[in-house]
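Any value given below was found using the heavy atoms of this structure, including those in side chains, with hydrogens, waters and symmetry copies removed. Everything numeric here is computed off the predicted structure, so don't read it as measured data. We name chains A, B, ... by the order of the sequence lines, and we start the count at 1 in each one.
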Number of protein chains: 2
Amino acid sequence: MPLDERKKNILKAVVDDYIATAEPVGSKALVNRYHFNVSSATIRNEMAELEEQGYLEQPHTSAGRIPSDKGYRAYVDSLLQVEDLTAAEEEKIRVVMRDSLDELTGMIRTASTLLSEKTGYTSLALSPKLNHSHLQQIKMLMIEPGRALVVVVLSAGVVKDRLARVPEVLDASQLVQIAAAIEEGLSGMKLDDITLVTVATAARNIRLPENLLNQVMYEAYVAIKQADNLEVYMEGSHKLLSYPEFQDVHKAREYLDILNRDGIIAGYMTELKEQPLMIDGDAESGSDGQIKRSPTRPQASYVVRIGQEIMLEGLTDCSFVTTTYKMGDVVAGRIGVIGPRRMAYGKVISNISFIKQILNEEIRRLTTGEDRMEVHQK
Amino acid sequence: MPLDERKKNILKAVVDDYIATAEPVGSKALVNRYHFNVSSATIRNEMAELEEQGYLEQPHTSAGRIPSDKGYRAYVDSLLQVEDLTAAEEEKIRVVMRDSLDELTGMIRTASTLLSEKTGYTSLALSPKLNHSHLQQIKMLMIEPGRALVVVVLSAGVVKDRLARVPEVLDASQLVQIAAAIEEGLSGMKLDDITLVTVATAARNIRLPENLLNQVMYEAYVAIKQADNLEVYMEGSHKLLSYPEFQDVHKAREYLDILNRDGIIAGYMTELKEQPLMIDGDAESGSDGQIKRSPTRPQASYVVRIGQEIMLEGLTDCSFVTTTYKMGDVVAGRIGVIGPRRMAYGKVISNISFIKQILNEEIRRLTTGEDRMEVHQK
DNA sequence: AATTAGCACTCTAAGCTCGAGAGTGCTAAT
DNA sequence: ATTAGCACTCTCGAGCTTAGAGTGCTAATT
């Protein structure tokens with residue numbers, strides 16, 4: 001059975017209040033703080049029903065109610081009104097993003113830092129997945145005998161480089177020659193399709209002793225593959241300690257341990273799919289307890305995972321709000337926020353949406369070369 | 001008055017015990033756990049004197065003693081015996097360090113990570129100060145019209161690069177030409193001595209419209225200056241939450257806040273001097289309370305700052321152990337550990353000393369080009 | 001003179017009780 | 001359908017008590 005208007009209002013008020021205060025919300029407090037034209041007894045009845053339907057929980061019998069995962073879910077999906085940022089806030093984000101280096105990972109880092117600053121939670125960002133990019137150039141620059149810088153340029157306009165050891169007997173021109181051959185043979189190929197074999201094929205006509213060539217080829221291969229290394233940027237992980245739900249040091253530690261454990265977050269964010277999440281209606285409330293997405297936000301461009309939905313041991317008191325950013329037309333990576341379940345969803349969503357938008361714009365600017373020729377300043 | 005042998009032993013036992021348990025140490029516990037051939041009453045008298053002289057403190061009248069800053073200082077300076085790492089531990093460090101990328105900052109990061117892992121505390125590292133290095137090469141590689149990669153090679157064998165915007169009308173050969181001119185004009189100069197003016201002088205003979213040239217020169221200049229950017233690597237800042245002294249969330253948060261506050265740590269580590277620290281003997285105990293450095297460790301190559309000595313608000317419950325690493329013969333940067341004052345100094349010092357040594361070796365290997373031609377593996 | 005046994009004293013930490021207060025669910029009246 | 005009223009429940013903090021660890025001092029011992 002869908003919630004009637006009044007229940008929705010009450011649920012919304014409870015969630016709002018709990019988000020603001022972190023204290024269980026009682027019927028009286030609700031009547032006082034919000035303007036329902038009914039008595040606390042009525043509210044009590046409604047709250048009891050909301051609890052029965054699984055939207056609210058009681059920490060103990062004589063306490064107020066707090067939202068359950070399902071309650072937050074309903075709140076996020078259809079009750080919350082997301083306000084736009086103020087012009088000033090938008091401007092600040094624009095300025096900071098524009099001042100970040102003309103470089104992809106720098107931008108993403110900046111976006112992540114901004115997100116953490118603006119929301120007060122921990123921000124996370126995944127470096128772009130470039131395996132569908134095409135190799136455009138590969139250059140080798142001799143630094144000194146035995147060492148070379150391998151520069152890989154991808155179709156997306158992304159530049160990666162790597163210092164490599166090369167045989168000392170090679171001179172700069174030989175190196176350039178090898179790089180040219182590899183570039184000619186491979187350019188236009190998708191990163192995914194490049195293997196040691198294809199590299200070798202590209203270089204087969206070089207007239208050099210095989211063992212020398214092999215080493216250089218290998219380094220080229222590594223440099224190319226490394227261009228697609230997945231990285232995770234995290235900012236503000238300590239900010240969570242301010243929130244009452246992490247006052248218990250054990251919780252806080254568990255939380256920080258998980259965030260710092262290699263690969264967990266990266267893996268999780270990589271797996272995350274945009275698809276709408278199925279809420280398991282539990283046996284009692286039946287599967288009809290679901291709430292439809294508000295028609296005013298037909299295709300939200302962010303994903304919210306609340307509490308248990310995260311499915312990561314130890315983060316059940318948290319919520320995840322993420323979104324993707326694009327390079328060209330293809331989803332390249334993900335950026336988001338993790339914080340207490342009792343998160344200021346409205347603020348987070350408006351910030352994340354806007355930052356995503358600006359990030360996409362900046363990336364487009366970067367990768368298409370369309371450009372403002374700004375005046376440099378110190 | 002210097003401490004007699006028994007007092008030293010007692011002080012050492014107290015510090016050892018307190019480091020191990022985080023509990024104030026009483027006279028009885030001391031007699032039980034260590035084998036003094038005297039009664040607890042004697043120990044009590046001795047401890048009272050040690051307190052009078054400022055080496056120990058009492059949290060409250062009927063508790064055991066804990067070391068004061070001065071007590072720790074004495075412990076570190078002359079009581080502590082630093083054991084070498086086991087062969088296995090040394091080997092592990094060697095292996096990890098050797099497997100790190102052939103790149104300076106990567107090595108320092110690896111060293112920092114290792115340090116945190118091996119000690120269980122937060123590790124800190126400062127990127128090398130390169131302002132005394134000489135410019136060796138500067139190359140510009142056209143990525144696409146309007147964008148170029150500026151590669152800066154320093155005398156130390158350090159390579160830094162940076163994506164730059166250049167006027168779209170420039171072609172690759174013009175760019176190479178400009179870079180060559182700048183390189184010719186500047187190579188051999190100290191980073192410190194390079195200014196916009198010297199760059200301009202180097203490029204004065206290029207026949208290009210001034211506004212185009214200016215932009216490229218500016219980018220070259222920025223790339224060169226940026227090669228010496230100071231960076232701080234921090235690893236394992238969350239590990240501190242495990243220790244009882246940070247069970248109080250406010251303390252923990254304060255601690256993490258400071259570590260994450262931009263510039264504080266960088267500034268502090270930059271300022272740190274190797275000079276032996278003056279202990280202010282307070283009025284009561286007189287200035288003769290100082291303890292001479294043990295002759296067996298005539299010039300310890302590390303700096304220990306304990307509690308108040310750190311002189312950073314909010315870190316008074318911490319200790320800092322740092323050391324420097326070199327490039328060539330000149331001190332380049334600093335690497336260290338921050339943890340609770342009740343720190344396992346022995347373990348930290350042996351690890352830091354060894355890691356410093358290996359780091360120096362690896363840097364030498366890197367910067368002199370002296371090399372093992374290892375077999376590459378996936 | 002140094003050491004030690006003995007003891008009174010101090011202080012904390014943990015456990016306990018208890019009452020205030022907030023909140024609930026239920027019933028009966030509106 | 002709503003609400004006033006009320007008995008009931010539960011938590012939280014204050015205040016109290018006690019066990020135990022540790023001390024400092026004194027007087028006896030070596």
Engineer: Starting at the 5' end of DNA chain C, which residue's closest nucleotide do you reach first, B:E46 or B:P59?
Structural biologist: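 Counting from the 5' end, the first nearest nucleotide belongs to B:E46.
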Engineer: For C:dT4 and B:S39 - does any side-chain N or O of the residue sit under 4.0 Å from the phosphate oxygens OP1/OP2?
Structural biologist: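 Yes.
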Engineer: With sequence neighbours excluded, what pairs up with B:D16 under the side-chain hydrogen bond (donor to acceptor under 3.5 Å, both in side chains) test?
Structural biologist: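 Once residues adjacent in sequence are excluded, the partners of B:D16 under the side-chain hydrogen bond (donor to acceptor under 3.5 Å, both in side chains) criterion are B:K12, B:Y75.
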Engineer: Return the value, rounded to whole Å, for the distance between atom NE2 of B:H60 and atom C1' of D:dT23.
Structural biologist: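 Computing the B:H60:NE2 to D:dT23:C1' distance gives 10 Å.
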Engineer: Give the rounded distance in Å between these two atoms: CG of A:N45 and C1' of C:dT24.
Structural biologist: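 Result: 11 Å.
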Engineer: Heavy atoms within less than 4.0 Å of DNA chain D: which residues of residues 26-35 of chain B have one? Give them sorted by number.
Structural biologist: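 B:G26, B:S27, in order of number.
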Engineer: May I ask you to verify if any side-chain N or O of B:R44 is less than 4.0 angstrom from the OP1 or OP2 atom of C:dT3?
Structural biologist: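 Indeed not, no polar side-chain atom of B:R44 lies that close.
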Engineer: Does C:dA2 have OP1 or OP2 sitting under 4.0 Å from an N or O in the side chain of B:R6?
Structural biologist: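 Answer is no, no contact under 4.0 Å.
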Engineer: I want to check one thing: is the phosphate of C:dG23, taken as OP1 and OP2, less than 4.0 Å away from some side-chain N or O of A:R65?
Structural biologist: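 Checking C:dG23 against A:R65, no side-chain N or O comes under 4.0 Å of OP1 or OP2.
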Engineer: Round to the nearest Å and state the distance from A:K7 atom NZ to D:dA1 atom P.
Structural biologist: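 Value for this atom pair: 11 Å.
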Engineer: Distance check, rounded to the nearest 0.5 Å: B:Y345 atom OH versus B:D77 atom CG?
Structural biologist: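 CG of B:D77 is found 11.0 Å from OH of B:Y345.
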Engineer: What is the pairing partner of D:dG24, taking Watson-Crick or G-U wobble pairs with both distances under 3.5 Å in any strand?
Structural biologist: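 The answer is C:dC7, by the H-bond criterion.
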Engineer: Report the C-alpha distance between B:D17 and B:Y34 in whole Å, list the side-chain angles of each, state the deciding distance to 0.1 Å, and finish with yes or no for side-chain hydrogen bond (donor to acceptor under 3.5 Å, both in side chains).
Structural biologist: CA-CA 10 Å; B:D17 209 73; B:Y34 304 81; 3.0 Å; yes
Engineer: C:dT24, D:dG22, D:dG24: which one has an atom nearest the side-chain heavy atoms of B:A48?
Structural biologist: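 Of the options given, the side chain of B:A48 lies nearest D:dG24.
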Engineer: So does B:T42 get a side-chain nitrogen or oxygen closer than 4.0 Å to the phosphate oxygens (OP1/OP2) of C:dT4?
Structural biologist: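 Yes, because at least one side-chain N or O of B:T42 sits under 4.0 Å from OP1 or OP2 of C:dT4.
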Engineer: Does C:dC11 have its OP1 or OP2 closer than 4.0 Å to a side-chain nitrogen or oxygen of B:T61?
Structural biologist: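 True: B:T61 side-chain N/O within range (under 4.0 Å) of C:dC11 OP1/OP2.
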Engineer: Can you check whether A:R253 reaches B:S242 side chain to side chain, under 4.5 Å on heavy atoms?
Structural biologist: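 Yes, their side chains come closer than 4.5 Å.
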Engineer: In whole Å, what is the span from the CE atom of A:M47 to the P atom of C:dC26?
Structural biologist: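 After rounding, the reported distance stands at 15 Å.
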